[in-house]
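Notes follow once the structure below has been shown.
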Amino acid sequence: VSSAVRLVCGLCSAATDDLSLARCPDCGEGLEVDYPDFEARVAGLDWPPRPGAGLADRYAPLLPVRDRGGPTLGEGEAPLLRSPRLETELGCGAVYLDYEGANPTGSFKDRGTAVGVSVALSLGARAIGAVSTGNMAASVAAYAARARLPAVILVSHTVPVQKLRAVGVYEPLLLQVERDHGELYFDSLELGRAFGILFLNGDHPFRLEGQKTIALDVCARLHPARPTVVVVPLSSGGNMLAILKGLRELERAGLLARVPKVIGVQPAGCAPIWDAYVHDLPRIRRVERPDTLAGSIRNPFPPSGNRVLAALRGSDADVMTVTDGEMVDAQRRLATEEGLWVQPDSAAAVAALPRLRASRLVGADDLVVCVLTGAGHRDPATPAAEAVAAEPVGFDELPRRLEAFVGALA
Ligand SMILES: Cc1ncc(COP(=O)(O)O)c(C=O)c1O
Ligand SMILES: [Zn+2]
């Protein structure tokens with residue numbers, strides 16, 4: 001770890017120098033990385049950054065890593081694509097799609113894993129781990145292989161084996177435990193501390209430092225224009241907090257005039273943070289019967305839910321829900337009209353746009369960025385992909401079939 005960082009509780013503000021902790025020793029909520037020498041760090045930052053091979057090349061002063069960071073697979077610098085279609089449909093200033101599916105293992109998780117692995121090496125962790133069924137498990141297993149660090153992936157007994165293939169190819173220790181997924185998250189923190197395994201779960205403070213580079217990359221790309229609204233799918237809460245942190249640090253550094261409105265999107269069938277916010281509850285409550293096909297954002301009791309709730313109340317950030325139908329429709333149209341195949345979960349941000357526009361959370365002059373968090377091929381078991389069928393045609397019929405195809409074009 002470069003010049004000292006410490007961890008500060010995102011809710012009660014208690015601080016600790018024990019970098020092996022992920023949650024607050026006082027109140028149990030998530031911790032975040034704090035840079036006591038923030039101003040000196042900012043002085044060492046190039047803005048906008050020169051292109052580089054990994055996150056540390058571009059943003060080392062704002063990350064808890066040594067100059068060049070640790071092993072990289074070339075994460076970040078995802079394509080930021082303008083969508084004239086969505087701009088016309090919504091009647092708003094500009095809409096950009098941040099295609100995080102272009103990351104090495106197909107999701108934004110690679111940003112967080114890259115920084116997490118780098119910190120794990122400098123802390124002398126014996127191994128890294130994750131409690132995950134999908135994107136994060138694949139990401140941690142891949143970066144562990146790159147770093148030559150052993151990895152442990154814990155999955156709940158309810159996870160089907162076909163979801164584990166994209167994880168197993170990297171040959172981590174893959175353990176399927178008879179235990180609820182949410183409980184395993186807390187178990188892993190305790191067991192990880194006992195055995196020297198750094199579990200880089202969804203809202204781990206060092207993971208979030210990597211994921212905040214979503215905000216840094218987006219602002220660097222748009223510079224000197226700036227986003228006014230950022231929309232992101234919301235599950236554990238980690239990524240929304242990470243994006244907010246990145247934006248706030250840019251503002252504090254004098255590199256961004258104003259923090260955009262960050263809007264988290266939850267599936268209507270599993271929306272504990274939205275529920276607590278709209279009903280003005282003091283804390284999130286568990287969703288007893290989660291019901292959505294968006295598996296990556298189906299989290300009935302998000303471990304950073306209370307911190308997101310505090311962020312919603314302390315800023316102009318907001319939260320919205322979308323139905324499965326809206327996600328699947330947005331997913332299909334992103335593929336067929338924009339050439340972007342994303343997971344249904346990742347289409348949530350785009351699915352929310354019509355409602356955000358109708359409710360004036362997005363206005364006519366806004367510059368909107370939707371974070372498309374993961375590639376479609378990471379989760380092919382979705383309606384859009386399962387409905388795929390090839391039309392059988394005899395070789396003799398082929399010219400006539402093509403003639404008909406071209407004829408229909410005119
Ligand atoms: C594709 C995808 N989108 C969004 C999310 C939600 O991120 P978070 O859990 O940090 O809120 C995840 C988390 O696993 C994900 O895999
Ligand atoms: Zn605390």
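Minimum interatomic distance between S304 and G238 (heavy atoms only, all atoms of both residues): CB-N, 4.2 Å. I197 and G129 make their closest contact through CG2-N, 4.0 Å (heavy atoms, listed as atom of the first residue, atom of the second, distance). Taking all atoms of both residues into account, the shortest heavy-atom contact from S235 to N299 is OG-CB, 3.3 Å. When every heavy atom of C12 is checked against every heavy atom of C27, the shortest pair comes out as SG-SG, 4.0 Å. A pairwise comparison of heavy atoms in L208 and G202 identifies CD2-O, 3.6 Å as the closest pair.
Within a 6.0 Å radius of CD in E183, other residues, nucleotides and ligands contribute more than 12 heavy atoms. Within 6.0 Å of CD on E190 lie no more than 12 heavy atoms contributed by other residues, nucleotides or ligands. Summarising the local packing, CZ of F195 is surrounded by 12 or fewer heavy atoms from other residues, nucleotides or ligands at distances under 6.0 Å. Atom CZ of R313 is surrounded by more than 12 heavy atoms from other residues, nucleotides or ligands within 6.0 Å. With a 6.0 Å radius and a threshold of 12 heavy atoms from other residues, nucleotides or ligands, D18 has its CG atom above the threshold.
Note on E338 versus R82: no salt bridge recorded, every NZ/NE/NH1/NH2 to OD/OE distance being 4.0 Å or above. Salt-bridge formation is detected for the pair E89/R333: a Lys NZ or Arg NE/NH1/NH2 atom is positioned less than 4.0 Å from an Asp or Glu carboxylate oxygen. By the 4.0 Å N-to-carboxylate-O rule, K245 lies too far from E32 to be salt-bridged with it. Using a 4.0 Å cut-off between charged side-chain N and carboxylate O, D366 and K261 make no salt bridge. The pair E251-R248 does not count as a salt bridge, with every side-chain nitrogen at least 4.0 angstrom from each carboxylate oxygen. Residues D34 and R6 are paired through a salt bridge, judged by an N-O separation under 4.0 Å between the basic side chain and the carboxylate. Between R146 and D110 there is no salt bridge, since no side-chain N of the basic residue sits under 4.0 Å from a carboxylate O of the acidic one.
To the nearest 0.5 Å, atom CG of residue N103 and atom NZ of residue K109 are 12.0 Å apart. The structure places CZ of F405 at 11.5 Å from CG of L398, a figure rounded to the nearest 0.5 Å. We find the CG-SG distance between L356 and C370 to be 8.0 Å, quoted to the nearest 0.5 Å. The distance from the CD atom of E75 to the CG atom of L55 is 4.5 Å, given to the nearest 0.5 Å. L293 contributes atom CG, which lies 4.0 Å from atom CG of D324 (distance to the nearest 0.5 angstrom). With rounding to the nearest 0.5 Å, the separation of OH in Y185 from CG in D180 is 13.5 Å.
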TODO: In sequence, state the C-alpha distance, the side-chain angles, and the governing distance for D217 and R111, and then conclude on salt bridge (Lys or Arg N to Asp or Glu O under 4.0 Å).
DONE: CA-CA 11 Å; D217 273 354; R111 296 174 181 269; 2.8 Å; yes
- [ ] Begin with the C-alpha distance, continue with both residues' side-chain angles, and end with the deciding distance and a verdict on side chain to side chain contact (heavy atoms under 4.5 Å, CB included) for L216 and L250.
- [x] CA-CA 8 Å; L216 306 187; L250 285 179; 3.5 Å; yes
TODO: Please assess S188 against N201 for the test side chain to side chain contact (heavy atoms under 4.5 Å, CB included), listing each intermediate value before the final yes or no.
DONE: CA-CA 9 Å; S188 74; N201 294 334; 3.0 Å; yes
Task: Worked check of side chain to side chain contact (heavy atoms under 4.5 Å, CB included) between N239 and F108 - done: CA-CA 9 Å; N239 203 37; F108 71 101; 3.3 Å; yes
Open item on the list: Checking R41 against V5 for the side chain to side chain contact (heavy atoms under 4.5 Å, CB included) test, could you report, in this order, the C-alpha distance in whole Å, the side-chain angles of both residues, the deciding distance, and whether it holds?
Closed with: CA-CA 11 Å; R41 284 169 171 270; V5 303; 3.6 Å; yes
Open item on the list: side chain to side chain donor-acceptor pair (under 3.5 Å), that's the test. Do R207 and T113 meet it? Break it down for me.
Closed with: CA-CA 6 Å; R207 163 173 297 289; T113 309; 3.1 Å; yes
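Here the side chain of R221 pairs a donor or acceptor atom with the backbone of A78 at under 3.5 angstrom. The main-chain N or O of G54 is found under 3.5 Å from a side-chain atom of R58 such that the two form a donor-acceptor pair. Side chain of S156 to main chain of R179: a donor-acceptor pair is present (N/O by atom type, distance under 3.5 Å, no hydrogens or angles). Looking only at distances, no side-chain donor or acceptor of T321 sits under 3.5 Å from a matching main-chain atom of A268. Between the side chain of R357 and the backbone N or O of V362, at least one donor-acceptor pair lies under 3.5 Å. A donor-acceptor pair is defined here as one N or O able to donate and one able to accept, closer than 3.5 Å; such a pair exists between the side chain of H204 and the backbone of F206. Of the possible donor and acceptor atoms, none in the side chain of D203 sits under 3.5 Å from a partner among the backbone N and O of S236. Between the side chain of E29 and the main chain of N306, no donor-acceptor pair closer than 3.5 Å is present. In this structure a side-chain-to-backbone donor-acceptor pair under 3.5 Å is present from D345 to S296. At least one donor-acceptor pair under 3.5 Å links the side chain of T323 to the backbone N or O of E326.
Using a 4.5 Å heavy-atom cutoff, the side chains of Q331 and L372 are not in contact. Residues S107 and T373 form no side-chain contact, since every pair of their non-hydrogen atoms from C-beta on lies 4.5 Å or further apart. You'll find the side chain of V319 stays beyond 4.5 Å of the side chain of V308, heavy atoms only. L340 has its side chain within reach of L81: a pair of non-hydrogen atoms, C-beta onward, lies under 4.5 Å apart. Residues M240 and L312 have side chains in contact (heavy-atom distance under 4.5 Å, counting atoms from C-beta outward). Using a 4.5 Å heavy-atom cutoff, the side chains of L45 and L62 are in contact. Side-chain contact check for V230 versus V218: every heavy-atom pair is 4.5 Å or farther apart. Residues V65 and V115 form a side-chain contact, since some pair of their non-hydrogen atoms from C-beta on lies under 4.5 Å apart.
A donor-acceptor contact closer than 3.5 angstrom is absent between the side chains of Y35 and E249. Looking only at atom types and distance, the side chain of R193 has a donor-acceptor partner in the side chain of S20 under 3.5 Å away.
Across L90, V350, L353, a single residue satisfies side chain to side chain contact (heavy atoms under 4.5 Å, CB included) together with V368, and that is L353.
The aromatic rings of Y59 and W47 sit tilted, their planes meeting at an angle between 30° and 60°.
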